[in-house]
Amino acid sequence: MTDTNPQKAILVTGSTSGIGQAIAKKFAALGYDVAVNGFEPEADVAAAVADISKGATGQVAYFQADLGAGAAGFDLVNAVIAKFGRLDVLVNNAGVQKVAPIDELPPEDWDRIRAISLDSAFHCIRAALPGMKARKAGRIINISSAHGLRASPFKSAYVATKHGVIGLTKTVALEVAEMGITCNAICPGYVWTPLVERQLNDQAKTHNMSPEDVIRNIMLAPQPTKQFVQPEEIAELSAYLASDWARSITGTSISIDGGWTAK
Ligand code: NAD
């Protein structure tokens, strides 16, 4: 198939905040048409969309979808393709966290965490691949976690989900390896975003510690650099993975965790 429209398009799920917002902003600056997604109503995400749009030369459009609801990811990707005419890069980033001992974790939280991160990646990928296969080009980036490679207590649903994301990544990479499409996982350590900020109080309660001690003794304890990763670092790595130079990188998990998983 001849690629007559050189304007590229990206969808970043969960891009109204944190890591996803930084990735969306980076690709907007690179000239992509950018599909921003979150589950909040459009009025509540105006500031995030305005931030992503600074320096954009392509279109920036918001697509509200609750990726925890069934096959919403499939419909989301098709809506993005209907708007932009194509989807070159899919970043499965949406995710939520819940800190609790496994025997106190409400089953609906288990289902919600898995649905938003893992099931939605499946649904988005199955909708994105036909167009990528037709163009013989595409990039899929799944945001896993250091918790896709290591466990921590009280995060059973999150750890299981993020390990699952890595399994999905490897499988997709093998299926499309000869089609110009790559699929990789990024595994961040602790990144200072609203998701981590929200965990502070839960962690403090579960561990019976002050929030300051949680930062020092829990969050940054496994991170040898003793620094939070910044969302922009994940955005730069994503841009590299989307570039032609990364065509031979596929099926792998790239840690950006200050040395956490070196141990
Ligand atoms: P965040 O809370 O700042 O942002 C989460 C995003 O997901 C938001 O845009 C939110 O609207 C969206 N979202 C949540 N539920 C949704 C739903 N049902 N449907 C659609 N969108 C939904 O979180 P973050 O820290 O930027 O995390 C982004 C990703 O990075 C997650 O997958 C997270 O697990 C992963 N991650 C984060 C860290 C960290 O330390 N922050 C570390 C490793 C991995």
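Atoms within each ligand, like the ligands themselves, are counted from 1 in listed order.
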Apply side chain to side chain donor-acceptor pair (under 3.5 Å) to the pair H147 and R150, showing each step before the final yes or no.
CA-CA 5 Å; H147 282 119; R150 299 285 187 277; over 6 Å; no

Closest non-hydrogen protein atom to [atom], residue and atom name please, with distance?
| atom | value |
| --- | --- |
| atom 13 (N) of ligand 1 | F39 CD2, 3.8 Å |
| atom 3 (O) of ligand 1 | S17 OG, 2.6 Å |
| atom 36 (N) of ligand 1 | Y158 OH, 3.5 Å |
| atom 42 (C) of ligand 1 | G189 O, 3.0 Å |
| atom 2 (O) of ligand 1 | R198 NH2, 2.7 Å |
| atom 26 (O) of ligand 1 | I19 N, 2.8 Å |
| atom 23 (O) of ligand 1 | L195 CB, 3.2 Å |
| atom 44 (C) of ligand 1 | S144 O, 3.2 Å |

Positive for side chain to side chain contact (heavy atoms under 4.5 Å, CB included) with V36, one of I10, V12, I52
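For V36, the side chain to side chain contact (heavy atoms under 4.5 Å, CB included) check succeeds only for I52.
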
Applying side chain to side chain contact (heavy atoms under 4.5 Å, CB included) between V91 and each of I143, I186, T13, report the one that passes.
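Testing each of I143, I186, T13 against V91, the sole residue satisfying side chain to side chain contact (heavy atoms under 4.5 Å, CB included) is I143.
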
Report yes or no: do [X] and [Y] belong to one cluster of Ile/Leu/Val/Met/Phe/Trp/Tyr joined by side chain heavy-atom distances under 4.5 Å?
| X | Y | result |
| --- | --- | --- |
| I141 | V165 | no |
| L30 | V34 | yes |
| M132 | L241 | no |

Report, in ascending order of atom number, the atoms of ligand 1 lying under 4.0 Å from any heavy atom of [X].
| X | result |
| --- | --- |
| V196 | 39 (C), 40 (O), 41 (N) |
| P194 | 3 (O) |
| G95 | 5 (C), 7 (O), 31 (C), 32 (O) |
| G18 | 3 (O), 26 (O) |
| S15 | 9 (O) |
| G68 | 18 (N) |
| N93 | 28 (C), 29 (C), 30 (O), 31 (C), 32 (O) |

Touching ligand 1 at all, C187? Heavy atoms, strictly under 4.0 Å?
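No, C187 has no heavy atoms under 4.0 Å from ligand 1.
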
Would you please determine whether K162 falls within less than 4.0 Å of ligand 1 on a heavy-atom basis?
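Judged by the 4.0 Å heavy-atom criterion, K162 does count as contacting ligand 1.
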
Pairs of nitrogen or oxygen atoms closer than 3.5 Å, one from E40 and one from ligand 1: do any exist?
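Yes; the residue has a nitrogen or oxygen that sits under 3.5 Å from a nitrogen or oxygen of the ligand.
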
Who gets closest to [atom] by heavy atom: [options]?
| atom | options | result |
| --- | --- | --- |
| atom 39 (C) of ligand 1 | I143, V191, V229, L76 | V191 |
| atom 17 (C) of ligand 1 | D257, L67, V45 | L67 |
| atom 25 (O) of ligand 1 | I116, T193, V96 | T193 |
| atom 20 (C) of ligand 1 | G14, A94, S120, A65 | A65 |
| atom 9 (O) of ligand 1 | D66, T16, I256 | T16 |

Could you tell me which non-hydrogen atom of [X] sits nearest to which non-hydrogen atom of [Y], and how far apart they are?
| X | Y | value |
| --- | --- | --- |
| I116 | G68 | CG1-CA, 3.6 Å |
| K98 | P106 | CE-CD, 4.5 Å |
| S253 | I166 | OG-CG2, 3.5 Å |
| A121 | L168 | CB-CD2, 3.8 Å |

If you count every heavy atom of other residues, nucleotides or ligands that lies below 6.0 Å from [X] atom [atom1], does the total exceed 12?
| X | atom1 | value |
| --- | --- | --- |
| E178 | CD | no |
| R247 | CZ | no |
| I102 | CD1 | no |

With backbone taken as N, CA, C and O and side chain as the heavy atoms from C-beta onward, which portion of Q21 lies under 4.0 Å from ligand 1: side chain, backbone, both, or neither?
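Q21 to ligand 1: no contact under 4.0 Å from either part.
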
Determine whether the side chain, the backbone, both or neither of H147 has a heavy atom under 4.0 Å from any heavy atom of ligand 1.
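Neither; nothing of H147 gets under 4.0 Å from ligand 1.
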
Exam field: side chain S210 to backbone D213, donor-acceptor pair closer than 3.5 Å
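At least one qualifying donor-acceptor pair exists.
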
Mind checking the CD-CH2 spacing from Q230 to W192? Nearest 0.5 Å is all I need.
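The CD atom of Q230 sits 10.5 Å away from the CH2 atom of W192.
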
